[in-house]
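This report refers to the structure that appears directly beneath it.
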Amino acid sequence: MKKRSVNKISAEVLASFLDGNATAQESGEILGALAEDAELRELLHISQSVDAELGMMPRQVCDFVPMTAMAATCDESSYCSLECEKFVLRAMNIPFDEHQLLSNAIDKGWQKEGGTALHNVGRHLESEGLVVARRYDATVDDIAEALDGGKCVIVAVDGGELLGNRAEERAEDMLVGPQPDHTVVVLSLDAQAKSVTIYDPNSVGAEDSYPIEVFEDAWNDSKNYLVTITTPDMNSYNPRPIDLSDVELPAELVELREAIAENAHDVWAAERQAQGWTYGPTRDDAKRQTPCMVPYSQLPDSEKKFDRDMAVGTIKLLKKLGYDIVKHTEK
């Protein structure tokens with residue numbers, strides 16, 4: 001009878017792992033044990049829940065968007081995003097200089113030593129005049145629609161969940177959290193066969209096919225981040241802003257809304273004044289006059305709402321991206 005993994009891992013090592021103090025070897029042993037032992041996974045889940053109830057672990061106030069996660073698993077060279085974009089350029093018969101692409105990426109901060117941040121995937125393609133659209137919370141149907149429309153598709157995934165030990169990767173998701181560390185190009189989607197074919201810079205072959213559920217499991221780690229690429233078409237723009245409905249703001253940040261809204265109006269007014277705009281009872285573009293060229297307090301509520309919505313949206317987006325806003329108190 002096989003000895004249970006929960007007995008192989010000492011209480012001390014388990015405690016160190018939960019506290020973030022385990023060695024690399026100990027962490028590897030725990031992840032390996034978690035892949036085999038459902039009892040150990042349940043034990044850690046209960047322990048984390050108890051810590052959260054006691055306030056020892058921060059509660060997640062919203063489902064964060066991994067915009068700054070790094071795509072970096074391409075033969076340990078961190079160039080998977082660049083390789084995907086080169087693949088798209090070739091597919092679209094757009095000539096490029098590989099050395100110049102890499103040089104531009106480094107100079108402009110798209111390519112860093114740790115990889116490419118998800119929000120920078122597609123920057124090379126933009127510089128070639130292509131239309132690049134990015135969105136989270138996409139679906140397989142969105143991928144199918146993009147491919148049917150002749151668009152190229154890049155997605156961010158957990159590379160280990162495609163090429164590594166899936167059981168260990170699931171255990172890692174539970175303990176460490178989702179790891180969207182890789183990008184691939186989706187080539188086709190077969191609804192009948194329930195399979196997805198991709199170009200993977202990490203793979204030896206030119207194309208790899210996966211069951212849709214395996215692909216989705218890896219793709220879910222990036223909050224289903226989808227990048228579509230096409231030639232310019234001004235009538236195809238379909239804005240998909242990040243969903244902020246689950247973000248709740250504390251009272252002090254709600255109060256901050258008015259300060260941001262008023263300052264945004266002042267910034268807008270200063271720019272318009274520099275362009276020669278003045279106050280007028282009705283908007284007149286020829287005379288450069290607008291009734292909004294007044295202090296924020298004198299704006300009608302309909303105009304204030306625009307600035308307030310912008311302010312709240314900005315604050316919520318920061319929270320959604322995992323940032324905290326901390327007020328420094330006066331001494």
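Because only heavy atoms are used, hydrogens play no part in the values below, and waters and symmetry mates are left out as well, while side chains stay in. From a predicted model like this one, the values you see are computed outputs, not experimental measurements.
- Residues Ile260 and Ile325 are members of one and the same hydrophobic cluster, defined by side-chain heavy-atom contacts under 4.5 angstrom among Ile, Leu, Val, Met, Phe, Trp and Tyr.
- Side-chain atoms of Ser195 and Asp190 include no donor-acceptor pair closer than 3.5 Å.
- Between Asp142 and Arg240, the closest side-chain pair of non-hydrogen atoms falls below 4.5 Å.
- In this structure, Met92 and Ile229 approach most closely via the heavy-atom pair CE-O, 3.8 Å.
- Looking at Arg283 and Asp285, a side-chain N of the basic residue comes within less than 4.0 Å of a carboxylate O on the acidic one, giving a salt bridge.
- Ionic pairing of Lys319 and Asp324 is present here: one or more N-O contacts between side-chain nitrogen and carboxylate oxygen are shorter than 4.0 angstrom.
- Cluster membership check: Met310 does not share its hydrophobic cluster with Leu299, using side-chain heavy-atom separations under 4.5 Å among Ile, Leu, Val, Met, Phe, Trp and Tyr.
- Rounded to the nearest 0.5 Å, atoms CD (Glu161) and CG (Asp217) are 4.5 Å apart.
- Ring orientation note: the planes of Phe87 and Tyr199 are close to parallel, at an angle under 30° on the 30°/60° scale.
- Of all heavy-atom pairs between Leu118 and Ala71, the closest is CD2-CB, 4.2 Å.
- Tyr210 has its ring centre no less than 6.0 Å from the ring centre of Phe215.
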Next on the checklist: Could you walk me through whether Val196 and Glu216 satisfy the side chain to side chain contact (heavy atoms under 4.5 Å, CB included) test, starting with their C-alpha distance in whole Å, then the side-chain angles of each, then the deciding distance to 0.1 Å, before giving a yes or no?
Outcome noted: CA-CA 9 Å; Val196 178; Glu216 283 193 291; over 6 Å; no
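- With 3.5 Å as the limit, one finds no donor-acceptor pair spanning the side chains of Glu303 and Tyr296.
- Residues Ser81 and Trp110 have side chains not in contact (no heavy-atom distance under 4.5 Å, counting atoms from C-beta outward).
- Salt bridge annotation for Lys320-Asp243: absent, with no cationic side-chain nitrogen under 4.0 angstrom from a carboxylate oxygen.
- Rounding to the nearest 0.5 Å places CG of Asp307 at 11.0 Å from CZ of Arg257.
- Residues Ser209 and Thr197 come closest through the heavy atom pair OG-OG1, 2.9 Å.
- One finds the OH atom of Tyr279 at 14.0 Å from the CD atom of Gln273 (value rounded to the nearest 0.5 Å).
- With hydrogens and angles disregarded, a donor-acceptor distance shorter than 3.5 Å links the side chain of Glu85 to the backbone of Gly122.
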Next on the checklist: Let's go through Trp277 and Thr290 carefully: what are the C-alpha distance in whole Å and the side-chain angles of both, what is the deciding distance for side chain to side chain contact (heavy atoms under 4.5 Å, CB included) to 0.1 Å, and is it a yes or a no?
Outcome noted: CA-CA 7 Å; Trp277 284 75; Thr290 171; 3.9 Å; yes
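- Using modelled atom types, one side-chain atom of His265 and one backbone atom of Val294 make a donor-acceptor pair closer than 3.5 Å.
- Annotation for Phe306: atom CZ does not count as buried by contact number, only 12 or fewer foreign heavy atoms lying within 6.0 Å.
- In the model, Gln100 has a side-chain atom that pairs as donor or acceptor with a side-chain atom of Asn104 under 3.5 Å.
- Taking CD1 of Ile198 as the start and CD1 of Ile154 as the end, the distance is 12.0 Å to the nearest 0.5 Å.
- Residues Cys80 and Pro201 come closest through the heavy atom pair O-CG, 3.8 Å.
- Summarising the geometry, atom OG belonging to Ser222 is positioned 12.0 Å from atom NE2 belonging to His182; distances are rounded to the nearest 0.5 Å.
- The shortest side-chain heavy-atom distance between Pro291 and Pro281 does not fall under the 4.5 Å cut-off.
- Between Glu126 and Lys108 there is no salt bridge, since none of the side-chain N atoms of the basic residue sits less than 4.0 Å from a carboxylate O of the acidic one.
- Leu253 contributes atom CG, which lies 12.5 Å from atom CD of Glu248 (distance to the nearest 0.5 angstrom).
- Within the 4.5 Å cutoff, the side chain of Tyr79 has heavy atoms near those of the Leu102 side chain.
- Counting heavy atoms from C-beta on, the side chains of Val155 and Val184 come closer than 4.5 Å.
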Checklist entry - Which is it for His124 and Leu82 under the side chain to side chain contact (heavy atoms under 4.5 Å, CB included) test, yes or no, and what are the steps along the way? => result CA-CA 8 Å; His124 303 285; Leu82 180 60; 3.4 Å; yes
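- Using a 4.5 Å cut-off between side-chain heavy atoms of Ile, Leu, Val, Met, Phe, Trp and Tyr, with links allowed through other members, Val121 and Leu187 fall into the same hydrophobic cluster.
- Looking only at side-chain heavy atoms (C-beta outward), Arg288 and Thr278 stay at 4.5 Å or farther from each other.
- Using modelled atom types and a 3.5 Å distance limit, the side chains of Gln111 and Thr116 yield a donor-acceptor pair.
- Listed here is the closest heavy atom pair of Val153 and Ala146: CG2-CB, 3.8 Å.
- Using a 4.5 Å cut-off on side-chain heavy atoms (C-beta onward), Met70 and Asp181 make no contact.
- Inter-residue side-chain proximity for Leu89 and Leu125 is flagged as met; some heavy-atom pair is nearer than 4.5 Å.
- Between Leu147 and Ser188, the shortest heavy-atom distance links the atoms CD1-CA, 4.0 Å.
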Item to check | Verdict with reasoning, Ile212 to Leu189, per side chain to side chain contact (heavy atoms under 4.5 Å, CB included) | outcome: CA-CA 8 Å; Ile212 284 182; Leu189 208 162; 3.8 Å; yes
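- A cation-pi geometry, defined here as NZ or CZ lying under 6.0 Å from the six-membered ring centre and within 45° of its normal, does not hold between Lys86 and Phe96.
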